[in-house]
Amino acid sequence: MTTSTDKTPPRENDPSPESVATQAREEAEETFDTSKTFADLGLPDDVLKGITESGFVHPTKIQASLIPAALAGRHVLGQAKTGTGKTAAFGLPLLAAIEPGDHFASLILVPTRELAIQVAQEIKDLGAGTPLHVLPVYGGQRITAQAPKLERGPEIVVGTPGRVMDLHERRMLPYDTVRVAVLDEVDRMLDIGFRDDIRKILGGMKQRPQTIFVSATISPEIEKLARSYMRDPVKIVSKEKSLTVARVKQSWINVERWDKRKMLHHLLVHETPELTVVFCRTKRTVDDVTKFLNRKDIAAHAIHGDLIQSQRNKVMERLRGGKLSVLVASDLAARGLDVDGISHVINYDLPEDPEVYVHRIGRTARAGRKGVAWSLVSPDQGDLLTNCEMLANIEIPQQVYEDFVPGTVPADVRAEKELAEKRVQAREASMKRTEAPPVKADDTAAFPGGIVPTKMPARRMQGKVRTRRR
DNA sequence: AAAAAAG
């Protein structure tokens, strides 16, 4: 049995056709600009053909504002939540602006290999009506396999930073021909490790190409980066109240650390989701959880950055082909991946970075569908949950599973608790022995808040605070 | 603190 402690009545009790239709319309209005069609945006006929063949009529809001600006040759810094068609927003103007034979006219940088494959495929599909070539380049595949494809001089290259730099150094990928440079998932690209690569690649383009940066969130650091590479940029910001779409039903479940696997198993068995992605914080946990589920006869597959690339590609193919029901993933899969039919996202651990939460749950409820996002939160992880709620600007309700039977407390945890209790008792006993000196009336008067000045030096206090946070 | 990306 499932009970929700949400104060508002559950949506399931209100499935009248009118309300469903209203909700659908509101959500469409939230994402799409129904007052416009792609034909209004100034795209050429051969590009429009690819769009109509893909079944699109109205652009999303980010597309409606980004496409005309990019077509006009402007530098664009665009923000929109996940799943609102950002790839097409920068891909369509590229397809429109680039002539066949314009070798290496555009370079698109993405943070993961899987995204390189996906973004390249999406632009290929959109450009089906044009003779342009799109090539993904990324690490983990042999350079010798890529060389002949690069020699043919594709107009658009989509790549991960490491391999792009490698190919450039081998003189197989020029920078000086690039007229439009795109940074996808900029917030992720500015992480330590990527930042310098990005600077090297963009800085290597002495001709100062038109730049398009897209990101789910725009931080001051992103603005700074944009200012240093862009001339007179257009900033496109979505005015949404929340960073997450309403179609995802989010909730959190209170569960002790040692009960998380059991709870995960309980959810997968009792709620029978169609296609689930389980996100874990470490590669090790991904492997452990996958093995655990396999032992319980659940056909779960793992994906993380330590698997060989062919294995990663194989798992992604299975996922896209609908031949997989549970994917256990590291944050490798958190961003951008657009796979149809992911009905559930489970956060086995909440991420330290709340932006990652927004990206993770954005894997579900794509293309106008609904989705469910559960987060397993142990009592000591409450602050992580609060961080996510604050960033996404939503209140996540708690879900209680009354028929879930918690496991026994592991021996080491029990021992630790007992030890902590003993320490407290010992401290109380010593406090009684050394009576605190009475506080003088003058001292308290200087601190109306009732705080008694401490004898501890300020520097030591800082140190203490710091150690407590870690 | 971890994960990703060049081998």
Side-chain angles (χ1 to χ4, degrees), chain A residues 107-120 136-147 150 157-173 175 183-202 204 215-216 257 260 277-290 302-313 315-316 327-337 347-360 362-363 375 377-378 380-381 383-385 387-388 466-470:
Chain A
L107 180 62
I108 300 166
L109 294 168
V110 295
T112 66
R113 297 167 181 178
E114 281 70 16
L115 266 181
I117 299 169
Q118 178 188 291
V119 168
V137 295
Y138 50 90
Q141 55 165 9
R142 268 197 283 277
I143 282 197
T144 47
Q146 251 157 40
L150 273 167
V157 175
V158 187
T160 47
R163 181 52 66 97
V164 164
M165 281 166 44
D166 194 357
L167 291 169
H168 178 70
E169 279 157 25
R170 290 165 195 258
R171 315 226 165 264
M172 294 162 80
L173 176 60
Y175 288 164
L183 271 197
D184 195 5
E185 306 280 351
V186 195
D187 41 1
R188 175 74 176 79
M189 296 291 245
L190 283 181
D191 280 4
I192 314 288
F194 273 134
R195 190 182 288 128
D196 290 348
D197 293 354
I198 296 304
R199 292 234 166 86
K200 242 181 235 164
I201 297 169
L202 292 179
S215 185
R257 220 173 260 279
K260 280 194 175 185
V277 181
V278 181
F279 283 105
C280 306
R281 205 168 54 95
T282 67
K283 294 183 268 206
R284 171 86 196 276
T285 318
V286 170
D287 286 334
D288 290 350
V289 168
T290 311
I303 192 164
H304 59 66
D306 275 359
L307 299 175
I308 56 166
Q309 193 56 40
S310 57
Q311 187 69 28
R312 279 165 63 167
N313 290 353
V315 173
M316 287 306 298
L327 178 71
V328 188
S330 70
D331 282 323
L332 163 69
R335 285 168 192 263
L337 292 187
N347 290 304
Y348 187 84
D349 302 299
L350 277 174
E352 296 282 335
D353 179 356
E355 280 187 20
V356 174
Y357 175 83
V358 173
H359 285 284
R360 283 179 176 184
R363 294 319 100 214
S375 298
V377 185
S378 58
D380 56 323
Q381 293 176 318
D383 50 341
L384 296 180
L385 182 71
N387 287 348
C388 296
R466 213 176 291 142
T467 48
R468 201 175 288 162
R469 258 193 214 147
R470 294 276 145 127

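Letters A, B, ... mirror the listed sequences (proteins, then strands); counts begin at 1.
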Taking atom [atom2] of [N] as reference, at what distance in whole Å does atom [atom1] of [X] sit?
X         : N      : atom1 : atom2 : value
Leu190(A) : dA3(B) : CG    : P     : 21 Å
Asp197(A) : dA5(B) : CG    : P     : 12 Å
Arg113(A) : dA4(B) : CZ    : P     : 10 Å
Ile303(A) : dA5(B) : CD1   : C1'   : 15 Å
His359(A) : dA4(B) : NE2   : P     : 16 Å
His304(A) : dA2(B) : NE2   : P     : 15 Å
Arg284(A) : dA1(B) : CZ    : P     : 18 Å
Lys283(A) : dA5(B) : NZ    : P     : 9 Å

| said: Closer than 3.5 angstrom, by distance alone: can the side chain of Gln311(A) be matched with the main-chain N or O of Ile308(A) as a donor-acceptor pair? | reply: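 Not confirmed, Gln311(A) side chain does not pair with Ile308(A) backbone.
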
| task | Considering non-hydrogen atoms only, spot the tightest contact between Ala302(A) and Val286(A) and give its length. | result |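 Between these two residues, the closest heavy atoms are CB-CG1, 3.8 Å.
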
| task | Can you see which heavy atom on Arg281(A) is nearest to which on Asp349(A), and at what distance? | result |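 Taking Arg281(A) first and Asp349(A) second, the nearest heavy atoms are N-OD2, 3.1 Å.
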
| message | Under 3.5 Å, is there any donor-acceptor pair linking the side chain of Arg281(A) to the base of dA1(B)? | response |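 Checked by distance alone, the answer is no.
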
| Do we see a donor-acceptor contact under 3.5 Å between the side chains of His304(A) and Asp287(A)? |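 Looking only at side-chain atoms, Asp287(A) and His304(A) do form a donor-acceptor pair, the distance falling under 3.5 Å.
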
Any base atoms under 4.0 Å from [X], or only sugar-phosphate, or nothing? Heavy atoms, all strands.
X         : value
Asp191(A) : base
Arg188(A) : base
Arg312(A) : sugar-phosphate

| said: Under 4.0 Å between a side-chain nitrogen and a carboxylate oxygen: does that hold for Asp196(A) and Lys200(A)? | reply: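 Lys200(A) and Asp196(A): not salt-bridged.
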
Please determine if a side-chain N or O atom of [X] lies less than 4.0 Å away from the OP1 or OP2 oxygen of [N].
X         : N      : value
Thr112(A) : dA5(B) : no
Ser330(A) : dA4(B) : yes
Arg335(A) : dA4(B) : no

